[in-house]
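Counting from 1, the numbers follow the sequence of the chain as shown.
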Amino acid sequence: KYLRVEIIYIELPRAALDTLRPAFEQSRIENVYFDNCRHSGDVAGFVKKVLQANHSIRKVGFGQFIFTQEDVDTICGAIKSRNARGHFIKRLAM
């Protein structure tokens with residue numbers, strides 16, 4: 001069994017993400033979705049670290065976010081790296 005995690009309308013400063021990261025890295029999460037969370041740059045870095053550590057994640061989604069080009073590059077780079085190692089992300093929604 002796998003988890004589906006949705007984080008919606010919650011402030012996610014770096015300190016909160018640092019607290020959540022170990023659980024995200026170790027849990028059997030298949031689908032993760034973020035919507036209406038501030039601190040998009042911190043979220044992009046968090047997603048990069050989690051995708052590198054947790055290979056059970058197959059779907060990643062973002063609702064209403066305003067990402068910089070650097071944030072998009074960070075997320076896409078993490079997905080490309082995983083895919084190159086055979087741990088595919090089947091869906092990315094932005």
- prompt: Phe34 vs Phe46 aromatic rings, parallel, tilted or perpendicular, using cut-offs 30° and 60°?
  reply: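 Ring orientation, 0 to 90° scale: perpendicular.
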- prompt: Once the angle between the rings of Phe67 and Phe65 is folded into 0 to 90°, is it parallel (under 30°), tilted (30 to 60°) or perpendicular (over 60°)?
  reply: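 Rings of Phe67 and Phe65: parallel, as their planes differ by under 30°.
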Nearest-0.5 Å distance, [atom1] of residue [X] to [atom2] of residue [Y]:
X: Cys76; Y: Ile89; atom1: SG; atom2: CD1; value: 11.0 Å
X: Glu30; Y: Asn54; atom1: CD; atom2: CG; value: 11.0 Å
X: Leu51; Y: Phe24; atom1: CG; atom2: CZ; value: 11.0 Å
X: Ile79; Y: Lys48; atom1: CD1; atom2: NZ; value: 12.5 Å

message: Would the distance check show the side chain of Ser56 and the main-chain N or O of Ile29 forming a donor-acceptor pair, the cut-off being under 3.5 Å?
response: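 Yes; judged by distance alone, with no hydrogens or angles, the pair exists.
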query: Is the backbone N or O of Ile66 less than 3.5 Å from a side-chain atom of Ser40, with the two atoms forming a donor-acceptor pair by type?
result: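 Such a contact is found between Ser40 side chain and Ile66 backbone.
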Enumerate, atom names and distances included, each donor-acceptor pair closer than 3.5 Å involving a side-chain atom of residues 7-20, sequence neighbours excluded.
from, atom 1, to, atom 2, distance (Å)
Tyr9, OH, Asn36, ND2, 3.1
Glu11, OE1, His39, NE2, 3.2
Glu11, OE2, Arg38, NE, 3.4
Arg14, NH2, Asp42, OD1, 2.9
Asp18, OD1, Arg21, NH1, 3.1
Thr19, OG1, Ala15, O, 3.0

- request: Check the hydrophobic clustering (I, L, V, M, F, W, Y; side-chain heavy atoms under 4.5 Å; chains of links allowed) and say if Val60 and Leu3 are grouped together.
  value: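 Yes, Val60 and Leu3 fall within the same hydrophobic cluster.
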ILVMFWY network linking Val47 to Met94, side-chain heavy atoms under 4.5 angstrom: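 Val47 clusters together with Met94.
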field: Any residue meeting salt bridge (charged side-chain N to carboxylate O under 4.0 Å, His left out) with Arg85, in chain and number order, not counting sequence neighbours
entry: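 Residues passing salt bridge (charged side-chain N to carboxylate O under 4.0 Å, His left out) with Arg85: none at all.
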field: Residue pairs fulfilling salt bridge (Lys or Arg N to Asp or Glu O under 4.0 Å) with at least one residue in residues 56-83, sequence neighbours excluded
entry: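 Residue pairs with at least one partner in residues 56-83: there are none.
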message: Does Tyr33 form a side chain to side chain donor-acceptor pair (under 3.5 Å) with Asn31? I'd like the steps, not just the answer.
response: CA-CA 7 Å; Tyr33 177 76; Asn31 185 354; over 6 Å; no
